[in-house]
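Each residue takes its place number in the sequence, starting with 1.
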Amino acid sequence: MKIRSLLPGLARAEQRVAKVVLENPGTVARRSITEVAEAAGTSETTVTRFCKAIGVGGYPELRIALAADTARTAARADHDLGGDIGPADDLAQVVGKVAFADARAVEETAEQLDVATLQAVVDAVAGARRVDVYGFGASAFVAFDLQQKLHRIGRTCFAWNDTHIALTSAAVLGGDDVAVGISHTGSTVETVEALRVAREHGATTAALTNFPRSPISEVSDHVLTTAARETTFRSGAMASRIAQLTVVDCLFIGVAQRHVESAKSALEATYEAVSGHRLGARPDGRRRPRENGR
């Protein structure tokens, strides 16, 4: 999971080592460093550099980590439906594979999420005068979800998915503000540019991405990461969105906890405000009691 997220930022020779590892981690865990170097068409020194680049001390530590990860994967093997959806799969198989991939994206995102970084973003958002959120394409839906959640607890938040409006908004932020950029790849030009402008004007910046060494990290004070695997028919906009929403929910709850009384009051007020627009609501906006009296 970590290797996949760091893959785009590795040197070309190190990427070849990464691909050998990702193709069969269990086999690599049993191979010597010389065998892995030969399989990747590179040197033992490059394999060692690869180990350091992904945060392990050396090849022996990599083998131990891969062996442990392989064991965990084997323990889940009976439930692993595989994430690659083929054109010949029937609809029942599609449902199973989509559900499995989405559940795995949530689970793996939670496992690797840096709680200290999340806490720093929670602190910044909870104390901000205003929060701007930038997201384009599929990430725009996640940006608007964060805006809606924060608005419901009385926090001033705006989500932008238009380049010009995002840049002009970023330009008027200041030291009491927070800017959040959401991009699965971390290389969406519009999102990176908006965060850069916000940072230049003194705002605290945070990124939500699947790739921590992508360009968006260079303009972010804090980087929150997801762990979504995209496969056939799932390029960038499906499991990634589920993983992003998981982090957004964690961020929202963390902020709500910091303002628990006002958040509760705001949630109740917003619920009452729209309750009259739900079928089954009474004219005064209150819910009709159910037959069991609740």
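- Ion pairing between a basic and an acidic side chain is recognised when a charged N comes within 4.0 Å of a carboxylate O; E23 and K19 show no such pairing.
- The closest side-chain donor-acceptor pair between T204 and D221, if any, does not fall under 3.5 angstrom.
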Review point. Could you go step by step and tell me if W160 and L167 meet the side-chain contact (heavy atoms from CB on, under 4.5 Å) rule?
Key: CA-CA 9 Å; W160 310 108; L167 290 173; over 6 Å; no
Exercise for review: Take L113 and V247, measure what side-chain contact (heavy atoms from CB on, under 4.5 Å) needs, and give me the verdict at the end.
Suggested key: CA-CA 8 Å; L113 187 61; V247 178; 4.3 Å; yes
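- The CD1 atom of I182 sits 13.5 Å away from atom NE2 of H184, with the distance rounded to the nearest 0.5 Å.
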Exercise for review: Evaluate salt bridge (charged side-chain N to carboxylate O under 4.0 Å, His left out) for K264 paired with E268, printing each intermediate quantity in order.
Suggested key: CA-CA 6 Å; K264 283 182 178 180; E268 291 173 0; over 6 Å; no
Point to revise | Residue pair L118, H222: steps toward the side-chain contact (heavy atoms from CB on, under 4.5 Å) verdict | key: CA-CA 8 Å; L118 176 62; H222 310 289; over 6 Å; no
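- How far CZ of F211 is from OG1 of T225: 11.0 Å, rounded to the nearest 0.5 Å.
- Under the 4.0 Å criterion applied to side-chain N and carboxylate O atoms, R130 and D176 are not assigned as salt-bridge partners.
- Within a 6.0 Å sphere centred on CZ of F158, other residues, nucleotides and ligands contribute more than 12 heavy atoms.
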Check your understanding: Step by step, would you call I216 with L195 a side-chain contact (heavy atoms from CB on, under 4.5 Å)?
Key -> CA-CA 8 Å; I216 200 170; L195 276 190; 3.7 Å; yes
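- For S220 and S217, the side-chain atoms include no donor-acceptor pair closer than 3.5 Å.
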Check your understanding: Please walk me through it: do E108 and R4 pass salt bridge (charged side-chain N to carboxylate O under 4.0 Å, His left out)?
Key -> CA-CA 12 Å; E108 293 186 346; R4 283 196 307 272; 3.6 Å; yes
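- E14 and T46 form no side-chain donor-acceptor contact under 3.5 Å, judged by distance and modelled atom types alone.
- No donor-acceptor pair under 3.5 Å is formed between the side chain of E190 and the backbone N or O of T163.
- Here the straight-line distance linking atom OG1 of T226 with atom CG of N210 works out to 3.5 Å at 0.5 Å rounding.
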